[in-house]
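In what follows, every chain begins at residue 1, and chains take the letters A, B, ... in the order their sequences are listed. Just so it is clear, the structure is predicted and the values come from calculations on it, not from any experiment.
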Number of protein chains: 2
Amino acid sequence: MAESLTVKRAANSLDADSDDLVWCSPVTTAPLAESEATELARILAALADPVRLRLLSIVASSPEVCSCELEGPLAKSQPTISHHTKVLADAGIITGEKRGKWTWWHANPDRIAAIRKALGG
Amino acid sequence: MAESLTVKRAANSLDADSDDLVWCSPVTTAPLAESEATELARILAALADPVRLRLLSIVASSPEVCSCELEGPLAKSQPTISHHTKVLADAGIITGEKRGKWTWWHANPDRIAAIRKALGG
DNA sequence: TGGTAGCATCGACACACGTCGATATGTTCA
DNA sequence: TGAACATATCGACGTGTGTCGATGCTACCA
């Protein structure tokens with residue numbers, strides 16, 4: 001196996017090659033189609049949790065963060081942390097890279113910028 | 001009673017007079033405090049629903065929208081529409097103005113901009 | 001005054017979600 | 001190989017949430 005392996009980003013229906021701002025028109029501009037709204041809601045729901053927001057803020061503040069460095073600051077059990085990283089990764093907001101025993105997480109600024117754009121940015 | 005009455009914006013703990021971007025540091029900059037994360041998650045949760053996103057997009061696309069104009073496009077019952085407008089209003093994202101029999105809704109661009117800012121904008 | 005219309009609230013239901021212990025998987029090292 | 005560790009997955013539990021019918025309340029109009 002390869003030395004470095006990117007964790008799969010799960011089956012979200014929007015993994016176009018160019019990752020940014022392709023979803024939908026800004027929410028402030030024109031009525032959203034039902035499919036656009038569902039997709040955007042899915043991404044926002046991934047963010048709408050205090051633990052995940054703090055997790056993201058920790059990951060985004062560092063170039064890379066190991067899972068084991070999250071359990072302490074977030075004061076949650078290991079399965080809970082794993083659950084939350086998965087939710088954020090499925091939404092494309094963070095990406096996990098498995099190196100040896102550890103999984104290293106980093107934020108996806110493009111995706112976050114796309115969310116801002118969808119919010120009228 | 002007065003001719004025009006602004007619907008109360010409910011008891012959200014963040015109704016500072018200046019309404020914009022006072023919550024928390026951008027999520028991409030530094031680890032969020034627990035209280036900041038909880039507050040931001042509450043606001044994002046108000047957005048993280050397809051019906052509410054479409055509702056907001058309709059309201060934000062017009063200067064003013066009446067509740068009765070939402071039932072049709074959103075294909076939901078009247079109590080459901082009322083529920084969703086309340087959630088968005090409690091989050092400060094839209095504001096309702098009651099004139100006569102009708103309640104007129106309009107978006108709060110400052111609040112939406114604050115959300116973008118909290119997301120690293 | 002009575003009737004109607006717009007909207008909010010209540011109660012109930014089904015479903016989704018956060019949480020964690022137990023367990024499984026996979027990697028490192030002796 | 002076997003032991004130890006990091007992480008993922010599973011199963012279960014309690015709680016939160018979207019939905020709607022029924023009901024209540026207020027404003028308008030004849």
Side-chain angles (χ1 to χ4, degrees), chain A residues 1-11 34 37-38 41-56 59 64-72 74-91 94-105, chain B residues 1-11 34 37-38 41-56 59 64-72 74-91 94-105:
Chain A
M1 259 285 180
E3 178 71 21
S4 161
L5 178 142
T6 298
V7 171
K8 69 174 185 327
R9 266 245 299 288
E34 199 160 342
T38 301
R42 212 177 58 87
I43 307 296
L44 287 174
L47 282 176
D49 178 271
V51 175
R52 286 197 289 271
L53 281 176
R54 297 183 63 212
L55 196 162
L56 172 62
V59 170
E64 259 187 345
V65 174
C66 172
S67 287
C68 56
E69 298 178 66
L70 295 169
E71 233 168 294
L74 297 178
K76 296 290 169 188
S77 72
Q78 180 270 321
T80 299
I81 300 294
S82 183
H83 165 68
H84 286 307
T85 51
K86 176 173 168 53
V87 171
L88 285 173
D90 284 356
I94 64 175
T95 304
E97 196 177 336
K98 203 162 186 180
R99 291 202 299 269
K101 285 195 293 186
W102 294 276
T103 304
W104 297 90
W105 300 98
Chain B
M1 254 287 177
E3 179 70 22
S4 159
L5 178 144
T6 298
V7 170
K8 68 172 187 326
R9 266 245 301 285
E34 200 160 341
T38 301
R42 212 176 58 87
I43 307 296
L44 287 174
L47 282 176
D49 178 90
V51 176
R52 286 196 290 271
L53 281 175
R54 296 183 64 213
L55 197 163
L56 172 61
V59 170
E64 260 187 343
V65 174
C66 172
S67 287
C68 55
E69 299 180 66
L70 295 169
E71 233 168 293
L74 297 177
K76 296 291 169 186
S77 72
Q78 179 270 320
T80 300
I81 300 295
S82 184
H83 165 69
H84 286 306
T85 51
K86 177 174 167 52
V87 172
L88 285 173
D90 285 356
I94 65 175
T95 304
E97 196 179 336
K98 205 163 186 176
R99 289 201 301 267
K101 287 195 294 187
W102 294 275
T103 304
W104 297 90
W105 301 98

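A:Lys98 has its NZ atom 12 Å from the C1' atom of D:dC5, to the nearest Å. Taking atom CG of A:Leu55 as the reference point, atom P of C:dT19 lies 11 Å away to the nearest angstrom. What separates NZ of A:Lys101 from P of C:dT27 is a distance of 12 Å, to the nearest Å. Rounded to an integer number of Å, the gap from NZ of B:Lys76 to P of C:dC7 is 19 Å. The CG atom of A:Leu70 sits 9 Å away from the P atom of D:dT7 (whole-angstrom rounding). With rounding to whole Å, A:His83 atom NE2 is found 5 Å from C:dG18 atom P. Counting to the nearest Å, the P atom of C:dA5 and the CD1 atom of B:Ile81 are 19 Å from each other. One atom, CD of A:Glu71, and another, P of C:dC20, lie 10 Å apart when rounded to the nearest Å.
Applying the salt bridge (Lys or Arg N to Asp or Glu O under 4.0 Å) criterion to A:Glu71, with sequence neighbours excluded, gives no partner residue. A:Ala45 is linked by a side chain to side chain contact (heavy atoms under 4.5 Å, CB included) to B:Ala48, counting only residues two or more places apart in sequence or in another chain. Shown here are the side chain to side chain donor-acceptor pair (under 3.5 Å) partners of B:Glu64, two or more places apart in sequence or in another chain: B:Arg99. Annotation: side chain to side chain contact (heavy atoms under 4.5 Å, CB included) contacts of A:Ser67 (sequence neighbours excluded): A:Thr103, A:Trp105.
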Item to check | Canonical and wobble pairing (Watson-Crick, G-U, under 3.5 Å) of DNA chain C, dot-bracket with | | outcome: ||||||||||||||||||||||||||||||
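Within 4.0 Å (heavy atoms only), A:His84 reaches sugar-phosphate atoms of the nucleic acid but no base atom. If you check every strand for non-hydrogen atoms under 4.0 Å, B:Ser67 touches sugar and phosphate atoms only.
For the pair A:Leu44/B:Leu53, a side-chain contact is recorded, criterion being any heavy-atom separation below 4.5 Å from C-beta on. At least one side-chain heavy atom of B:Thr85 sits less than 4.5 Å from a side-chain heavy atom of B:Leu70. Between B:His84 and B:Leu88, every side-chain heavy-atom pair lies at or beyond the 4.5 Å cut-off.
Checking side-chain atoms of B:Ser82 against main-chain N and O of B:Gln78 turns up no donor-acceptor pair under 3.5 Å. In this structure a side-chain-to-backbone donor-acceptor pair under 3.5 Å is present from A:Arg52 to A:Ala46.
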Checklist entry - Reading nucleotides 10-16 of chain D 5' to 3', which nucleotides get B (base under 4.0 Å from a protein heavy atom), which S (sugar-phosphate only), which -? => result -------
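Between the base of D:dA8 and the side chain of A:Gln78 there is a donor-acceptor pair shorter than 3.5 Å.
Remark: A:Arg52 is in phosphate contact with C:dG18, judged by side-chain N or O atoms under 4.0 Å from OP1 or OP2.
Between A:Thr80 and A:Trp102, the one whose closest nucleotide on DNA chain C sits nearer the 5' end is A:Thr80.
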